[in-house]
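Written below as structure tokens is the structure these notes are about.
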Protein chains: 2
Amino acid sequence: MNSATRDIIIRTAMDLFWVKGYQSTSISDILSRSQVHSGSLYHFFPGKQDVLVAVLETYRDEIDVGLLDHAWQGVDDPIDKIFALLAGYRMHLLTTDFQYGCPIGGLALEIHEPDPRVRELLDQNFRNWVDAVESCLIEAKDRFPGDLDRRALAEFILTIMEGAIMQAKTARDIAVFDRNVSVLRNHMDLLQRQAERA
Amino acid sequence: MNSATRDIIIRTAMDLFWVKGYQSTSISDILSRSQVHSGSLYHFFPGKQDVLVAVLETYRDEIDVGLLDHAWQGVDDPIDKIFALLAGYRMHLLTTDFQYGCPIGGLALEIHEPDPRVRELLDQNFRNWVDAVESCLIEAKDRFPGDLDRRALAEFILTIMEGAIMQAKTARDIAVFDRNVSVLRNHMDLLQRQAERA
DNA sequence: GTCTATAGGCTGATAGAC
DNA sequence: GTCTATCAGCCTATAGAC
């Protein structure tokens with residue numbers, strides 16, 4: 001099932017779907033960039049959508065090595081980890097002139113009538129991301145009010161990341177991203193002060 | 001420049017772009033649903049993208065009559081207005097089985113290399129929405145800390161709306177939308193209590 | 001598993017009569 | 001301004017030799 005060619009196809013598609021989206025990326029785009037021929041691709045994948053499924057499975061299975069390990073390198077404090085994660089997306093926006101946002105969020109809003117497998121995989125990817133943030137909040141639970149809904153706050157942080165990227169890409173201005181993160185930071189500070197008073 | 005046929009094309013495209021997105025909506029889709037013939041469409045619009053431009057201009061010019069007046073009917077309190085706006089999107093999600101999210105946000109993330117006119121219009125639409133929310137915050141300014149960055153908070157609320165829709169659509173579950181709004185509500189409450197103490 | 005060639009369908013857009 | 005007919009190009013996917 002696995003092979004070097006199959007992997008090259010997936011890696012190439014990951015990148016193209018991230019920048020151009022799913023629909024705007026043609027099979028030819030994947031073939032020409034990966035130097036793979038049509039017959040090989042269709043040997044490994046029944047169709048284009050199956051490439052997308054493989055891409056989403058890869059994101060899901062590699063969230064640690066592909067995202068978290070890198071973003072959290074040298075960061076120990078759990079709250080700092082959350083903002084380091086956001087800073088990673090910020091950097092992608094800046095270094096690619098707002099071309100690379102969130103690969104999952106982009107696909108989630110682009111594909112309007114997703115196949116059940118695709119929708120489920122998008123959701124799994126979101127949930128994994130939320131899990132990671134929630135684990136940080138649990139690690140820092142002594143600093144927050146005891147009745148804090150940590151799951152809801154973790155989802156909220158994903159929401160802010162996605163919405164901030166959407167606005168920054170559209171405005172082509174990182175300032176709106178930063179202001180969003182500032183408001184989140186203020187919210188987290190308020191929660192922590194609330195906990196200190198109690 | 002204006003005509004009944006032109007308007008029918010725009011209204012049809014508004015709806016189709018909202019549900020299916022821009023790329024997945026073909027000119028044929030617009031023609032068959034609007035009962036307009038190819039020659040008429042190309043008489044009014046040089047190409048498909050010009051239909052999109054007209055759609056975005058219409059959203060921009062009709063934010064009051066098309067969105068705010070309806071959402072704020074019978075709502076006077078400025079903070080209630082903000083949550084009434086969010087509730088409007090919630091209702092759209094629920095009554096359309098998560099098909100209708102935010103028409104602007106969907107297009108903003110779908111179109112990866114937007115024509116300058118398109119990008120500018122998407123941005124204008126976002127800014128108009130933020131303006132509306134900011135005006136609510138200004139109206140309620142006595143209830144918030146004096147140094148509150150109202151523009152940033154208004155952008156933050158747009159961010160939450162967009163991110164909450166993205167997650168709710170993907171999970172096909174309104175609960176995640178509601179939890180996001182709850183966290184926002186909690187943040188607004190914390191700000192107001194902060195102001196009361198000062 | 002790899003490579004070339006091409007089928008078959010859909011798309012945006014156009015021509016030209018009325 | 002409206003309508004019909006149609007083009008040319010791109011797209012996904014397949015056939016079949018190697």
Side-chain angles (χ1 to χ4, degrees), chain A residues 1-58 106-107 110-118 121, chain B residues 1-58 106-107 110-118 121:
Chain A
M1 194 65 183
N2 287 305
S3 82
T5 302
R6 188 184 135 95
D7 195 59
I8 284 172
I9 293 166
I10 293 176
R11 300 295 157 188
T12 306
M14 283 177 90
D15 193 57
L16 286 170
F17 292 167
W18 194 359
V19 197
K20 305 182 51 163
Y22 175 67
Q23 301 181 86
S24 296
T25 298
S26 67
I27 297 281
S28 311
D29 290 336
I30 299 173
L31 297 178
S32 62
R33 180 176 299 198
S34 62
Q35 302 273 53
V36 165
H37 296 269
S38 171
S40 300
L41 188 147
Y42 283 100
H43 172 75
F44 291 107
F45 302 98
K48 185 184 178 185
Q49 185 176 257
D50 302 274
V51 178
L52 174 61
V53 166
V55 162
L56 292 172
E57 286 171 345
T58 305
L107 294 169
E110 177 193 348
I111 302 169
H112 285 75
E113 288 182 353
D115 180 277
R117 283 179 308 162
V118 171
L121 279 165
Chain B
M1 194 65 183
N2 285 304
S3 82
T5 302
R6 188 186 136 94
D7 196 59
I8 285 172
I9 293 167
I10 293 175
R11 299 295 158 188
T12 307
M14 282 177 92
D15 193 58
L16 285 170
F17 292 168
W18 194 358
V19 196
K20 305 181 53 164
Y22 175 67
Q23 302 180 83
S24 296
T25 298
S26 66
I27 297 280
S28 309
D29 290 336
I30 299 173
L31 297 178
S32 62
R33 180 177 300 197
S34 62
Q35 303 271 54
V36 166
H37 295 270
S38 170
S40 300
L41 187 146
Y42 282 100
H43 171 75
F44 290 107
F45 302 97
K48 185 184 179 185
Q49 185 175 257
D50 302 274
V51 178
L52 174 61
V53 166
V55 161
L56 292 172
E57 286 172 346
T58 306
L107 294 169
E110 177 193 348
I111 301 169
H112 285 75
E113 286 180 356
D115 179 277
R117 284 180 307 163
V118 171
L121 280 164

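Proteins get letters first, then strands, A, B, ... in listed order; numbering begins at 1 in each.
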Closest listed nucleotide, where the reference is the side chain of H43(A) and the choices are dG1(C), dG1(D), dG12(C):
dG1(C)
I need the CG-P distance between D50(A) and dT14(D), as an integer number of Å.
11 Å
To the nearest angstrom, the CG-P distance between L52(A) and dA13(D) comes to 12 Å
Check whether any side-chain heavy atom of V53(A) sits under 4.5 Å from a side-chain heavy atom of F45(A), and report yes or no.
no
Is the closest side-chain heavy-atom distance between E57(B) and L121(B) below 4.5 Å?
yes
So, do F17(A) and I30(A) sit near enough that their side-chain heavy atoms are less than 4.5 Å apart?
yes
Quick check on side-chain contact (heavy atoms from CB on, under 4.5 Å): which of I8(A), L41(A), T5(A) does S34(A) satisfy it with?
I8(A)
For S24(A) and T5(B), take the nucleotide of DNA chain D holding the closest heavy atom to each; which residue's nucleotide lies nearer the 5' end?
T5(B)
With respect to the side chain of S28(A), which nucleotide from dT12(D), dT2(D), dT2(C) is positioned closest?
dT12(D)
Pairs under 3.5 angstrom, nitrogen or oxygen only, protein versus nucleotides 14-18 of chain C, please.
{"residue": "dT14(C)", "atom": "O4", "partner": "S38(B)", "partner atom": "OG", "Å": "2.7"}

From CD of Q23(A) across to P of dT11(C) the rounded distance in Å is 12 Å
From CZ of R6(A) over to C1' of dG1(C), roughly how many Å is that when rounded to an integer?
14 Å
In whole angstroms, the gap separating P of dG12(C) from CZ of F44(B) amounts to 19 Å
Please round to the nearest 0.5 Å and tell me the distance separating atom CG of D115(B) and atom CD of Q49(B).
4.0 Å
So does H37(A) get a side-chain nitrogen or oxygen closer than 4.0 Å to the phosphate oxygens (OP1/OP2) of dT4(C)?
yes
V36(B) and R6(B), any side-chain heavy atoms less than 4.5 Å apart:
no
Quick one: which of dT2(D), dT12(D), dG12(C) gets closest to the side chain of K48(B)?
dG12(C)
Whole-Å distance separating the CZ atom of F45(A) from the P atom of dT14(D)
15 Å
Taking CD1 from I27(A) and C1' from dG9(C), how many angstroms apart are they, rounded to a whole number?
15 Å
Salt bridge flag under 4.0 Å for residues D7(A) and R11(A):
yes
Contact under 4.0 Å: S40(A) side-chain N or O vs dT2(C) OP1/OP2
yes
Nearest-angstrom distance from the residue atom CD of Q35(A) to C1' of dT4(C)
16 Å
